[in-house]
Amino acid sequence: VQLQASGGGLVQAGGSLRLSCAAPHRTFTRYTIGWFRQPPGKAREFVASLSKISGRTDYGDSMKGRVSISGGNPPITVYLQMNNLSSEDTAVYYCAAIYGDFGTMASADYWGQGTLVTVSS
């Protein structure tokens with residue numbers, strides 16, 4: 001099972017970017033799908049999550065107020081809208097899924113391949 005992350009790229013500071021995560025199977029409607037990121041030389045950190053069961057969302061402290069997570073059609077697609085980006089947001093962003101209804105994700109059952117976001121100052 002592979003989650004497909006896309007939408008990364010180069011953006012100027014202050015700009016916006018939208019990442020997409022597509023899950024290939026309808027069984028992911030019973031999962032919480034979220035995003036993590038790993039800046040260069042730093043540990044991976046939780047960014048945001050969306051429960052496909054309850055619809056609840058949760059956000060990590062690092063990007064809270066500047067990101068919004070939402071679900072799209074088909075129902076197993078999740079988007080991460082990122083605004084007012086700075087160079088500190090440069091990282092590899094991973095989508096991930098965990099079975100069940102969660103808020104903050106500390107781990108995941110499945111991971112996507114990662115998509116690089118580079119913010120130029």
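Predicted model, so just to flag it, every value in this text is computed and none were measured.
- In this structure, a donor-acceptor pair under 3.5 Å is present between the side chains of Thr104 and Asp58.
- Considering only heavy atoms from C-beta on, Val117 comes within 4.5 Å of Val119 through its side chain.
- Here salt bridge (Lys or Arg N to Asp or Glu O under 4.0 Å) pairs that include residues 76-89, with residues two or more places apart or in two chains, are Arg37-Asp89, Arg66-Asp89.
- The neighbour count for Arg30 CZ, taken as heavy atoms of other residues, nucleotides or ligands under 6.0 Å away, does not exceed 12.
- Side-chain contact check for Cys21 versus Ile33: some heavy-atom pair is nearer than 4.5 Å.
- Atom OG of residue Ser20 and atom CG of residue Leu3 lie 12.5 Å apart, to the nearest 0.5 angstrom.
- Side-chain contact check for Ser70 versus Leu50: every heavy-atom pair is 4.5 Å or farther apart.
- In this structure, the side chain of Thr118 does not engage the main chain of Thr90 through any donor-acceptor pair within 3.5 Å.
- Note: Tyr99 and Tyr31 have perpendicular aromatic rings, judged against thresholds of 30 and 60 degrees for the angle between ring planes.
- For the pair Met105 and Phe46, the minimum side-chain heavy-atom distance is below 4.5 Å.
- Inter-residue side-chain proximity for Val67 and Trp35 is flagged as unmet; no heavy-atom pair is nearer than 4.5 Å.
- The shortest distance between side-chain heavy atoms of Phe28 and Lys52 does not fall below 4.5 Å.
- Distance SG/Cys95 to CD/Gln2: 8.0 Å, rounded to 0.5 Å.
- A heavy-atom distance below 4.5 Å is found between the side chains of Ile76 and Thr29.
- Pairing each heavy atom of Tyr94 with each of Gln113, the nearest pair is CE2-O, 3.9 Å.
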Yes or no on side chain to side chain contact (heavy atoms under 4.5 Å, CB included) for Thr77 and Gln4, after CA distance, side-chain angles and deciding distance? CA-CA 9 Å; Thr77 301; Gln4 297 293 333; over 6 Å; no

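- A distance of 11.0 Å separates CD1 in Ile98 from OG in Ser51, rounded to the nearest 0.5 Å.
- Side-chain heavy atoms closer than 4.5 Å link hydrophobic residues (I, L, V, M, F, W, Y) into clusters, and following such links, possibly through other members, connects Leu116 to Trp111.
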Please tabulate, for the side chains in residues 6-17, all donor-acceptor contacts under 3.5 angstrom to protein atoms that are two or more places apart in sequence or on a different chain.
residue, atom, partner, partner atom, Å
Ser16, OG, Asn83, OD1, 3.0

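- Residues Ile69 and Tyr59 meet the side-chain proximity criterion, which asks for heavy atoms closer than 4.5 Å.
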